[in-house]
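Start at 1 and go down the list; that is how both ligands and their atoms are numbered.
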Amino acid sequence: MLWYLAAILIALIVLRKAQLRLILSRGKHRSLAGHARLGRLVTRLIPYYEYDETRFFCADDAPAEVAATRREAFARLAALYTQRFARSAALTREVAPTVSDLQFTQRYRVPFQFSRMVRQHLQGGAFLESSSGTTVTDLDGNRFFDLAGSYGVNLFGYDFYKECIEEGSALARELGPVLGAYHPLLAYNVRRLREISGLDDVSLHMSGTEAVMQAVRLARYHTRRKYLVRFCGAYHGWWGDVQPGVGNPLAAEATYTLKDMDAATLRVLRTRRDIACVLVNPVQAMHPNASAPADSGLIDSARHARFDRAAYSAWLAKLREVCTARNIVLIFDEVFVGFRLAPGGAQEYFGVRADMVTYGKTLGGGLPIGAVCGRRELMQRYREQRPADVCLARGTFNAHPYVMGAMHVFLRRLESEPLRSLYRDLDALWERRARELNERLAAAQLPVQVSHLSSIWTVNYLQPSRYNWMFQYYLRAQGLALSWVGTARFIFSLNYSDADFAAVADRVLAAAEAMRRDGWWWPGTALTNKAIRRRMLRELLQAWWATSSIGSRSSPRSRYSGARQ
Ligand SMILES: Cc1ncc(COP(=O)(O)O)c(C=O)c1O
């Protein structure tokens with residue numbers, strides 16, 4: 001009898017485990033980004049190959065005259081770049097061999113098959129000399145409208161941050177670089193962060209990545225649970241546990257990557273007991289379940305961003321509900337969007353309160369920063385009754401006096417009328433600007449549209465093409481500075497006037513007209529996104545075959561001239 005009962009019990013436990021496993025599997029997104037291990041494995045198998053000079057201009061099987069138009073246009077653009085960006089490009093060439101970050105960003109501006117030709121001929125340079133208003137100026141004296149936004153740091157215009165740094169430095173100068181003890185400015189900064197976040201306690205760090213690390217560590221410490229939940233595609237810095245897939249050589253052992261905006265995820269949260277926290281990066285509202293876009297991934301025109309505020313707010317409300325019910329710590333990672341959407345950040349904008357919020361980027365007034373705000377019982381780093389069981393977090397430069405100074409000026413000005421007024425009708429303003437630009441693009445029958453989350457924009461491409469990544473080079477030629485992800489992200493600062501914006505819109509249109517005139521958007525009837533992907537898969541298989549031990553051993557690099565098939 002006892003054996004019988006034990007067998008039933010074991011069977012029930014096994015069944016329950018299988019059921020939980022199944023629920024977890026259903027919570028994973030079907031894409032490779034949703035399956036970190038598989039994603040890493042697949043990326044390891046992708047072989048390098050590149051297009052030779054002929055194939056480069058007809059990778060979409062465009063007819064010879066279109067390829068010739070493109071070739072001439074490319075040569076013209078290359079000549080313009082050589083002449084216009086000479087000094088910036090020369091210094092870039094000098095340092096690139098020894099600066100690994102630069103080597104990476106240069107290589108990954110466009111899909112890898114095209115990258116070598118582009119790197120050789122379209123050198124824009126990675127250096128700038130000055131900034132002012134909404135513009136930046138390079139070493140050759142070229143002035144660009146800045147759409148790169150310093151990764152999101154630049155919210156109020158570069159002059160604003162120069163003042164924060166200058167005034168903040170003056171405030172901190174007497175104490176100088178003393179660490180460990182705090183500068184008194186910290187008191188005001190902490191008070192303001194508490195007001196802005198609506199949370200009890202604050203800890204200060206040196207980057208957004210570290211702030212997220214600390215928030216997750218604290219959640220694990222207090223819940224005594226192991227797993228963090230992140231959503232498919234969401235970026236939370238470059239620390240291993242929040243980057244379980246491509247980009248991290250190790251598997252993250254305590255991370256669940258689940259589907260964004262999906263009931264299956266709520267089921268996982270409702271049923272598992274090992275989840276410490278859920279991390280939300282609200283910028284994912286633009287592209288749930290997809291990684292932050294970059295033009296290196298623009299192999300076709302499938303990229304599509306779209307923001308639905310009501311739907312995302314409703315999703316966050318559901319997350320809040322289940323996290324509360326299951327004692328899971330809900331963390332909003334506002335390192336990017338904090339202060340950009342509303343004075344009270346994403347919590348205010350979406351009308352949902354988190355247990356912890358991380359901030360960074362713009363908060364430092366132009367200097368490096370990360371901050372965690374959280375409920376008191378979650379922020380405490382020790383247990384009253386277990387004095388040896390502590391949760392450590394330090395970092396030599398945390399709360400550096402100069403950073404506290406710049407942050408102080410930033411937060412003070414945030415309370416002032418000129419800045420407060422910027423938030424009034426902010427959404428309506430950026431909505432109007434995006435709509436007007438889209439109307440102009442549509443009226444000119446250009447295959448480009450923008451979508452946006454307030455002042456964060458993405459370019460979508462309407463017509464299947466293998467050359468959309470070229471658009472970033474036409475935009476630069478028109479005097480628009482983009483980050484290394486190209487047209488995937490325009491990050492506007494809020495000091496853009498209507499006149500500034502009109503100038504940007506004119507340039508976007510001029511760039512798109514030139515791109516079309518030069519034949520890059522040739523509308524081949526057989527050209528669909530699916531056909532492009534299929535063709536690429538064939539090329540990948542051929543390259544893999546060529547570089548495998550069975551294929552050619554003489555050259556590790558495959559050059560694809562691509563006889564039409
Ligand atoms: C949402 C989010 N979290 C964390 C980080 C990491 O911040 P940092 O680059 O300061 O380490 C970023 C950076 O882009 C981010 O966008």
Side-chain angles (χ1 to χ4, degrees), residues 33 101 104-105 108 148-155 161 197 203-219 228-245 247-248 252 255 257 260 277-294 305 307 312 316 330-341 345-347 349-350 354 356-374 393 395-400 403 406-407 410 453-458 482-485 488-491:
D101 194 46
F104 182 86
T105 52
Y108 285 92
S150 291
Y151 299 117
V153 169
N154 185 21
L155 180 56
Y161 295 91
S197 66
S203 72
L204 294 160
H205 307 272
M206 293 145 292
S207 67
T209 299
E210 283 171 281
V212 173
M213 277 169 73
Q214 174 61 358
V216 171
R217 179 180 279 196
L218 282 166
L228 78 85
V229 165
R230 66 181 274 275
F231 292 113
C232 182
Y235 185 69
H236 296 283
W238 61 279
W239 161 56
D241 279 17
V242 291
Q243 227 171 37
N248 178 2
T255 301
T257 297
D260 215 344
C277 59
V278 173
L279 263 176
V280 173
N281 177 356
V283 86
Q284 288 300 112
M286 285 181 84
H287 42 75
N289 294 307
S291 301
F307 171 55
Y312 198 69
L316 291 183
L330 180 60
I331 304 171
F332 279 7
D333 178 359
E334 298 202 29
V335 168
F336 184 20
V337 299
F339 305 95
R340 189 169 276 278
L341 304 179
Q347 291 192 102
Y349 188 76
F350 292 108
M356 289 175 133
V357 179
T358 55
Y359 299 105
K361 297 197 191 263
T362 197
L363 171 65
L367 294 182
I369 190 67
V372 184
C373 300
T396 302
F397 285 102
N398 90 78
H400 189 287
V403 178
M407 190 201 284
F410 174 87
L453 164 56
S454 200
S455 50
I456 305 164
W457 292 31
T458 294
L482 310 182
S483 78
W484 70 280
V485 301
R489 277 265 194 275
F490 294 171
I491 305 176

Top protein contact for atom 9 (O) of ligand 1, by heavy-atom distance |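 Heavy-atom neighbour on the protein nearest atom 9 (O) of ligand 1: T209 OG1, 4.3 Å.
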Distance from atom 8 (P) of ligand 1 to nearest protein heavy atom, with residue and atom = G208 N, 3.5 Å
Before signing off on this row, confirm whether [X] and ligand 1 have an N or O atom pair separated by under 3.5 Å.
| X | value |
| --- | --- |
| D333 | yes |
| K361 | yes |
| N281 | no |
| V335 | no |

Would you please say whether a donor-acceptor pair under 3.5 Å links the side chains of [X] and [Y]?
| X | Y | result |
| --- | --- | --- |
| D241 | T255 | no |
| H205 | S207 | no |
| S455 | R340 | yes |
| Y161 | T362 | yes |
| N281 | H236 | no |

Side-chain donor or acceptor of R230 paired with backbone N/O of V242 under 3.5 Å | yes
Is ligand 1 less than 4.0 angstrom away from at least one heavy atom of Y235?
-> yes
Answer with yes or no whether E210 contacts ligand 1, where contact means a heavy atom under 4.0 Å from a ligand atom.
->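 It does not; every heavy atom stays at 4.0 Å or beyond.
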Should you measure from each heavy atom of F336, which atoms of ligand 1 turn up under 4.0 Å away?
->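 With F336 as reference, the close atoms of ligand 1 come out as 16 (O).
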Near S207, which atoms of ligand 1 are under 4.0 Å from a heavy atom of that residue?
->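 Under 4.0 Å from S207, ligand 1 has these atoms: 10 (O), 11 (O).
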Over 60° means perpendicular and under 30° means parallel, so classify the ring planes of F350 and F307, tilted if in between.
-> perpendicular
